[in-house]
Amino acid sequence: MSVRQFAAAAALAATFGFAVSPAHAVTEIQWWHAMTGGNNDIVNKLAEDFNASQSDYKVVATFKGSYPDTMNAGIAAFRAGTSPHILQVFEVGTATMMSAKGAIKPVYQLMKDAGEPFDPKAYLPAITGYYSTSKGDMLSFPFNSSSMVMWINKDELKKAGIAEIPKTWPEVFDAAKKLKAAGHETCGFSNAWATWAHIEQFSAWHNVPIGTKANGLDGFDTVLEFNTPLAVKHLQNLIDLQKDKTYDYSGRGNQSESRFGTGECAIFLTSSGYYASAKSTAKFDFTSAPMPYYPDVQGAPQNSIIGGASLWVMGGKTADEYKGVAKFFTFLSDTNRQAKLHQESGYLPITKAAYEKTKADGFYEKNPTLQTPLKELTNKEPTENSRGLRFGNMVQMRDVWAEEIEAALAGKKSAKEALDAAVARGNAMLRTFEKTAK
Amino acid sequence: MEKSVVFNGKLLPYLLLAPQLAITLIFFYWPASQAIRQSFLQEDAFGLNSEFVGLENYQALFAQPEYYTAIGTTVVFSSLVTVLSLGVALLFATQADKNLKGGSIYKTLMVWPYAVAPAVAGVLWFFIFHPTLGTLARPLRLMGFDWNPMLNGTHAMILVVMAAVWKQVAYNFLFFLAGLQAIPRSVIEAGAIDGAGPLRRFWTIIFPLLSPTTFFLLVVNIVYVFFETFGIIDAVTSGGPAGSTTTMVYKVFADGRLGGDLGGSAAQSVVLMVIVIALTAIQFRYVERKVQY
């Protein structure tokens, strides 16, 4: 169409009072995410499939770097008035996002306004609990969720004469000593995500609180209290075992996960999302098992909490754009799509139907490792201590907690001193957050 | 007849200065004023609520024992990095200044690391010396040396210092080499004829003549360690273990960008700015006197 023709058409359209065919006015939906590698492909495929399924909306998926990078990019964009419609935020950013009233559009509200069918009960409660208010209103849309499991090198355990996969912490310590004696001199057992393993999941799994107000889910005036005798005992055990590397610290993040894949550590706690990597690198028979617990703690094991990320809808967009976002979420919730997503990515299914379908298909018999995190999450009905956690400044607080654990493991502080300091420093950060989050 | 050019215009000098002034205003004074303003506010990450809190951010900062630890760490880190990166670069430059075969290849290779982004440099060192993944760390451990920057603060410090020095040596090398090549050969030859050995020639002739370059590099390097090394620290150690590589600038980055505590972070950057301004002033007041132009 030449300029003149276009002008004529526009004039004609204006004269007769109708727009230039609204069906062709495609609304773009920006989606910023932090998925790399195979998961990046999955995200792009999802956007493509959605775009092909209808012609009113176009989802544009953009990779924005690591989880913290993506979150910061979203926040900076919001301040500049150019935020995307959908922002993928990892679970520790939840409190920051939900406190930003006006910056976000709650998902339950979005679905209601757009008139999309939406039943929060269709989603796995262990996952949605994390992203919902205490009244049960879902604030963000669960996307990729995982939990922490214990990865086991079956070949090495057999070689070391360990007949059964350890279930409790004392059994793990025992197994680690045997593994060390059998040649694993630099690592009896280890873990990635230090604070997730030894503070956050540890507390939920033993049904003890990390902080008051249901770990912050019921309000930002929460106070940390994880410096319990149980936690002190556990950290002391790790300190003792670190001395001769029966336990060997592997850092704050997951950079050292490969210690399992290379066979250096035969017992390794990390995210269930490690499945794909383990599958491609490990040249031995491996499996995942539930996290260990202390058998003398009443009610343990309780249930685990989730990791991973969810999708937040940013505020200040038009009703039409929100309609598109809502339609996209409906599209994501489709049972077949969810089941496939779960089986391909290793992340958890977010709906009950997708889980049931995967189970009915006999998928878990062939891939029992993928069922471990689900069994952990649904082990018992979640309590106040195991519904999830929601602390402000959590990204930074994790570093502070890790600093104290490192000080203890390096022999600079006692277990009690380190945990007391972690709690005190964390509380100071919570108070700062509380002042700004209104 | 004498020809003299007189510029009568009142506007022209300002016009000629304008681009430089504009850059300084936009990229230094404006952000600095924003940092000062922000340091008196307490604000959430999204900028939805902000409240004037006076000096509260500063009070909270100086009540943190970790902040004093960070100051101590900064002193150790910045002295080590400055001295080592200047020393090593000077050594390399004096060697490269000799008539070597293939000297230009050597010089080009020396400059390369400067083109590498700090975070990339950090990741590089992380992968070389990571206790279990590291290509050099594994042999170290196999030889029985318990190399563990994940729990040993001294090892972690060695690692970040090496990474930061490696990154900066190239830049210093360039300037030192240029400085060395600007020294007239005849002066050095005269010294040699008078019977001065290489070391004596270096300390009495070459080094004093290099002093403007050295002074310039000293200022630049101090600014580098104070402001630009957080990317390296973040990639190599994330300030750990137990805060032993958390320098002041890394703390600004961690509290502000990772923690979303903009007020506290701004207060820290104001403190840092004051320290660096003071350091620079001291250098120009006292060290520059020893410089021979």
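All chains are named by letter (A, B, ...) in the order of the sequence lines, taking the proteins before the strands, and each is independently numbered beginning at 1.
Heavy atoms of Ala45(B) lying under 4.5 Å from chain A belong to its backbone as well as its side chain. Using a 4.5 Å cut-off between heavy atoms, Tyr249(A) contacts chain B through both its backbone and its side chain. Contact annotation for Gln64(B): neither backbone nor side-chain heavy atoms come within less than 4.5 Å of a heavy atom of chain A. In this structure, the portions of Leu151(B) lying under 4.5 Å from any heavy atom of chain A include both its backbone and its side chain. If you measure heavy-atom distances from Ser83(A) to chain B, you find no contacts under 4.5 Å at all. For chain A, the nearby part of Thr246(B) is the side chain; its heavy atoms alone come within less than 4.5 Å. Using a 4.5 Å cut-off between heavy atoms, Asp69(A) touches chain B through backbone and side chain atoms alike. In this structure, chain B has a heavy atom under 4.5 Å from the side chain of Gln242(A), while its backbone stays farther away. Interface remark: Leu262(B) contributes side-chain atoms only to the contact with chain A (heavy atom separation under 4.5 Å). Only the side chain of Lys245(A) comes within contact range of chain B, with heavy atoms under 4.5 Å apart.
Taking a 6.0 Å sphere around CD of Glu185(A), one finds it holds 12 or fewer heavy atoms contributed by other residues, nucleotides or ligands.
A cation-pi geometry, defined here as NZ or CZ lying under 6.0 Å from the six-membered ring centre and within 45° of its normal, does not hold between Lys251(B) and Tyr67(B).
Interface summary for chain B: among Gly102(A), Pro68(A), Ser256(A), the most heavy-atom pairs under 4.5 angstrom belong to Ser256(A). Put simply, of Met429(A), Glu403(A), Met97(A), Lys412(A), the one with the most heavy-atom pairs under 4.5 Å next to chain B is Glu403(A). Of the residues considered (Asp255(B), Asn152(B), Asp146(B), Val53(B)), Asp255(B) shows the highest number of contacts with chain A, using heavy-atom pairs under 4.5 Å. The greatest number of non-hydrogen atom pairs below 4.5 Å with chain B, out of Met71(A), Glu406(A), Arg259(A), Lys413(A), is found for Glu406(A).
For the residue pair Thr186(A) and Glu264(A), a side-chain donor N or O sits within less than 3.5 Å of a side-chain acceptor on the partner. The closest side-chain donor-acceptor pair between Tyr58(B) and Ser39(B) falls under 3.5 angstrom. A side-chain donor-acceptor contact under 3.5 Å links Asn172(B) and Asn221(B). For the residue pair Thr73(B) / Thr247(B), no side-chain donor-acceptor distance below 3.5 Å is found, with atom types taken as modelled.
For the pairing with Tyr247(A), the side chain to side chain contact (heavy atoms under 4.5 Å, CB included) check across Asn191(A), Asn237(A), Asp240(A) returns one residue only, Asn191(A).
Nearest heavy-atom pair, His184(A) versus Glu156(A), reported as atom, atom and distance to 0.1 Å: NE2-OE1, 2.7 Å.
In summary, the aromatic rings of Phe145(B) and His155(B) are positioned with their centroids under 6.0 Å apart.
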